[in-house]
Amino acid sequence: MTYYPLTEATAAAHLATIPVIGAVLGGTPADWTVREVGDGNLNLVFLVSGPEGGVAAKQALPYVRLVGESWPLPLSRAYYERLALADQARLAPDRVPALLHHDDDMALTIMEFLTPHRTLRGALVEGLRYPHLADHLAQFLADTLFRTSDLAVPVATKKARIAAYLGNVAMCRITEDLIFDEPYFDAPMNAHSVGLDDIVAAFRSDIPLRLAAQGMKARFLAAPEALLHGDLHTGSVMVTAHDSKVIDPEFAFYGPIGFDVGMILGNLWIAALAEPGLRPDGPSDGWLLAQADRLWAGFADRFAAHWRGLDPKIESGSLHALARRDSALLEAAITTRLDQIWRDALGFAGCEIIRRILGLAHVADFESIADVERRAGCERQALLFARDILVRRDALTDIGPVHRLLDPACVAP
Ligand code: SR1
Ligand code: MG
């Protein structure tokens with residue numbers, strides 16, 4: 001099949017040629033409704049409903065949707081996304097949507113229709129709360145990251161898996177440019193709120209800050225520790241009161257474990273820092289910071305439990321070879337590894353917060369603050385917080401001191 005981009009008018013006819021999808025939807029294409037709902041930066045997303053059920057069909061465009069055809073982007077990202085969805089379904093089956101069909105030529109990935117789920121970012125902007133969210137995210141992170149790392153996977157398998165994702169170069173390049181470089185110079189697609197010119201200029205000449213960002217870029221480029229989601233912000237999570245699913249792993253590759261952890265923590269901190277701007281009259285209940293606490297603690301506990309629980313009868317990864325012979329070494333190794341992941345996570349979270357305010361891809365958390373001055377005030381506070389955690393990541397050895405850096409408005413009473 002030669003690639004062509006689907007539209008609301010043509011999607012039903014195309015899906016009708018795929019028997020497994022026809023069976024999920026039921027009836028005939030004339031009974032199906034199709035809505036294109038893609039609100040991300042890159043792709044088309046069609047929600048298709050039939051008499052028996054629904055599907056979500058995601059199709060890559062040969063360019064960056066946010067910018068247009070002037071920025072080409074390979075369709076192969078759909079291939080890496082379905083590869084990652086299949087891996088994640090094995091590693092953390094409850095936390096990802098079921099993959100129903102893929103077509104690499106059409107760059108098309110068809111998944112279960114998540115309902116009544118909604119995007120976490122939008123829900124947090126509205127001030128909604130989800131009691132199981134932090135536990136679900138901690139589970140996703142620990143299960144996917146530990147189980148693809150050199151702790152759990154024999155070295156030959158690990159290297160083959162690194163190789164399987166090595167071609168996702170263009171997506172990694174987006175992260176390399178947009179997160180680690182562009183916020184720190186006058187890149188053509190950068191944008192920032194009125195009122196921030198002084199801090200933008202200060203950041204662009206701040207050597208410790210730029211060195212720290214480049215240090216994180218070096219980690220991102222050269223630390224194939226585990227299979228990363230690669231873009232785990234709050235727009236990549238769908239939630240209900242009882243369920244959380246992680247979607248959109250098209251940036252997947254083998255990278256530093258702290259990147260996924262830092263990306264989601266950074267986005268929870270963005271939500272916390274935007275809250276006083278979104279709801280100036282309602283003092284924060286501290287829920288968002290409590291979720292960051294719970295997520296980090298839950299991740300660390302589960303990662304450690306996976307490590308302690310490695311079955312000596314099953315071949316594990318080469319990083320476990322010494323520790324499995326010595327329980328004292330094992331406990332010290334767990335602490336040391338988690339410390340390193342924490343430091344990386346802090347650095348990556350700082351980079352993520354800064355780029356969401358000064359770079360190309362802004363986020364609804366801040367953009368939904370209607371009062372321009374108030375928005376700039378929240379963003380300024382977020383930039384200063386982000387700089388602090390990025391530059392001083394070696395001194396901030398746990399999440400408590402990090403949360404004490406935040407304005408009392410964000411902190412639990
Ligand atoms: C040009 S793509 C901009 C951003 O959108 C994606 O979701 C990633 O976060 C990327 O950095
Ligand atoms: Mg995405």
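Start at 1 and go down the list; that is how both ligands and their atoms are numbered. Treat the numbers as computed from the prediction; the structure is a model and nothing was measured.
- Summary: OD2 is the N/O/S atom of Asp248 found nearest to the Mg ion (ligand 2).
- Listed by number with element, the atoms of ligand 1 under 4.0 Å from a non-hydrogen atom of Ala361 are 3 (C), 4 (C).
- When each of Arg219, Lys158, Arg161 is checked for a salt bridge (charged side-chain N to carboxylate O under 4.0 Å, His left out) with Glu225, only Arg219 meets the rule.
- Applying the 6.0 Å contact sphere to CZ of Arg129 captures more than 12 heavy atoms from other residues, nucleotides or ligands.
- Of the protein's non-hydrogen atoms, the one nearest atom 3 (C) of ligand 1 is Asn41 ND2, 3.5 Å.
- Taking every heavy atom of Leu42 and a limit of under 4.0 angstrom, the matching atoms of ligand 1 come to 2 (S).
- Under the 4.0 angstrom criterion for non-hydrogen atoms, Leu66 is not in contact with ligand 1.
- Residue contact annotation: Arg356 has a non-hydrogen atom under 4.0 Å from ligand 1.
- Counted by atom type alone, Gln88 and Asp143 present zero donor-acceptor pairs between their side chains at under 3.5 Å.
- Residue contacts with ligand 1 include Val64, since one or more of its heavy atoms lies under 4.0 Å from the ligand.
- In Asp248, neither the side chain nor the backbone holds a heavy atom less than 4.0 Å from any atom of ligand 1.
- For atom 7 (O) of ligand 1, the closest non-hydrogen atom on the protein side is Asp231 OD2, 2.7 Å.
- Listed for the Trp342 side chain is no donor-acceptor partner under 3.5 Å among the backbone atoms of Arg337.
- Donor-acceptor pairing under 3.5 Å is lacking for the side chains of His229 and Asp248.
- Residue Arg355 touches ligand 1 through its side chain alone, judged by heavy-atom distances below 4.0 Å.
- With hydrogens and angles disregarded, a donor-acceptor distance shorter than 3.5 Å links the side chain of Arg65 to the backbone of Asn43.
- Under a 4.0 Å N-O distance rule, the pair Arg173/Asp177 qualifies as a salt bridge.
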